[in-house]
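Excluded from the calculations below are hydrogen atoms, water molecules and symmetry mates; all remaining heavy atoms, backbone and side chain alike, are included. Worth saying up front: this structure is predicted, and the values here are computed from it rather than measured.
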Amino acid sequence: MGPNSCTNYIGRFAPSPSGPLHDGSLVAAMASFLDARAHQGQWLLRIEDIDTPRVVAGADRIIMQQLQALEMHWDGKVIWQSSRLNRYQDVFNQLKERGLIYGCACTRKEIASNAIKNGRLGLNGERPYAGTCRHGIAGNRPARAWRLVMPEGITRFVDRWQGEQSQDVVNEVGDIIVKRADGLFAYQLVVVIDDHDQGITDIVRGNDLLSSTARQHCIAHMLGYAPPRMMHVPLVLDAAGRKLSKQNHATAIDLQNPLASLGKAWQALGFAPLPAGSVTQFWQQAVPVWHRRFGLTTFTVDSGFHPAGR
Ligand code: GLU
């Protein structure tokens, strides 16, 4: 337990170390930090370095230094996903023994043309997987990736920012990849295992992950985990209306002017400027404002998963 904890709230910030934090990632970090502090909860830091081709050496250290410079002090020990591969493999084996994981030989191209043939393109142009290899791989082709059988039914949850959400995961997404063709475990599986193992009660993150939430709740349900409460905050867009991201060459947070960087993120969350004269004052003023707007007093949690027929 961190020094600040006196409730059972446990939040987290889970950056991928593909570069330093920029103005967009700071908004997600700020929102999760404020929500944890406003509930006297813990705020954990997890370095999501599972996708090794995207990892930039040293970016984890830079992210930690940026957070410290902004006085965003995390509780407890930092966890790196790369140190948890045995745990992920155990869960993978359990699901496989239960007959819920199967090998898939389909290439991206085949999946894309299948989705178009069936007239199905999911959210964000995502191509649903039609379940081609669910009952065995045709011909003598080797398995490339491993997929998890998604349950029939609509998954619903209430997002604290975006409101009621629902998704027919098996039809809109299809059975999801849990181990990729390059042998790496997929983000969608490991994030659920990590959030469970770290006892996360509340996930606050960027809205780009809203469409991943229903499938993550399905995985949690299959593993017998209670899904956390969710809040997806608005994304910062660049001048061209694209998500500010490392791929779009967003630059690192300006730590020469930490107060200005915090102020920008704060206003991106829709708040009026604060009269803070220092970083410490900024947090002292921001936490109660956040609590007034988002304090969890009467909030109830939806269980997240409603199997077909109920
Ligand atoms: N590692 C993910 C990212 O940086 C965030 C995952 C999450 O918050 O669930 O986009």
Tell me, do [X] and [Y] make a side-chain contact under 4.5 Å, heavy atoms counted?
X	Y	answer
Tyr102	Trp146	no
Gln198	Ile10	no
Lys179	Leu184	no
Gln285	Pro275	yes
Leu148	Met222	yes
Arg205	Val233	no
Gln66	Ile63	yes
Leu70	Ile253	yes

Is a side-chain N or O of [X] found less than 3.5 angstrom from the main chain of [Y], in a donor-acceptor match?
X	Y	answer
Gln165	Val158	no
Asp238	Arg242	yes
Gln89	Leu85	no
Arg37	Gly41	yes
Arg141	Ala105	yes
Glu71	Gln68	no
Arg12	Ser32	no

Could you give the distance from [atom1] ([X]) to [atom2] ([Y]), rounded to the nearest 0.5 Å?
X	Y	atom1	atom2	value
Asn93	Ile101	CG	CD1	8.0 Å
Glu110	Arg127	CD	CZ	13.5 Å
Leu269	Leu34	CG	CG	7.5 Å
Gln284	Gln281	CD	CD	6.5 Å
Asp75	Leu44	CG	CG	6.5 Å
Thr52	Asp182	OG1	CG	7.0 Å

Students often mix this up, so state it plainly: with edges at 30° and 60°, are the rings of [X] and [Y] parallel, tilted or perpendicular?
X	Y	result
Phe185	Tyr88	perpendicular
Phe271	Trp266	parallel
Tyr9	His39	parallel
Phe33	Trp283	perpendicular

**Asked** Checking side chain to side chain contact (heavy atoms under 4.5 Å, CB included) for the pair Gln188/Ser212: CA distance, chi angles, key distance, verdict?
**Response** CA-CA 8 Å; Gln188 303 288 358; Ser212 288; 3.1 Å; yes
Pairing donors with acceptors under 3.5 angstrom, does anything connect the side chains of [X] and [Y]?
X	Y	value
Tyr225	Gln216	no
Ser113	Arg108	no
Asp254	Ser261	no
His232	Thr213	yes

Least distance between heavy atoms, [X] atom then [Y] atom:
X	Y	answer
Asp60	Pro17	N-CB, 3.9 Å
Ile203	Pro228	CD1-CG, 3.7 Å
Ala268	Val27	CB-CG2, 3.9 Å
Val279	Pro258	CG2-CB, 3.9 Å

**Request:** Evaluate the criterion side chain to side chain contact (heavy atoms under 4.5 Å, CB included) for residue pair Val204 and Trp161; output intermediate values, then yes/no.
**Result:** CA-CA 10 Å; Val204 178; Trp161 194 297; over 6 Å; no
**Message:** Please identify which of these residues, Met230, Arg229, Glu164, meets the side chain to side chain contact (heavy atoms under 4.5 Å, CB included) condition with Asp159.
**Reply:** Met230
**Item:** Sole candidate of Arg84, Gln81, Arg87 that passes side chain to side chain contact (heavy atoms under 4.5 Å, CB included) when paired with Val190
**Value:** Gln81
**Request:** Begin with the C-alpha distance, continue with both residues' side-chain angles, and end with the deciding distance and a verdict on side chain to side chain contact (heavy atoms under 4.5 Å, CB included) for Glu48 and Val191.
**Result:** CA-CA 8 Å; Glu48 298 211 321; Val191 74; 3.8 Å; yes
**Asked** Between Asp49 and Arg54, is there a salt bridge with N-O shorter than 4.0 Å?
**Response** no
**Test salt bridge (charged side-chain N to carboxylate O under 4.0 Å, His left out) applied to Asp35 and Arg160, step by step** = CA-CA 11 Å; Asp35 204 49; Arg160 291 169 58 204; 2.7 Å; yes
**Item:** Chi angles and distances behind the side chain to side chain contact (heavy atoms under 4.5 Å, CB included) call for Val170, Asp175
**Value:** CA-CA 6 Å; Val170 77; Asp175 296 337; 4.0 Å; yes
**Asked** Taking the six-membered ring of Tyr129, is the NZ or CZ of Arg147 close enough (under 6.0 Å from the centre) and on axis enough (within 45°)?
**Response** yes
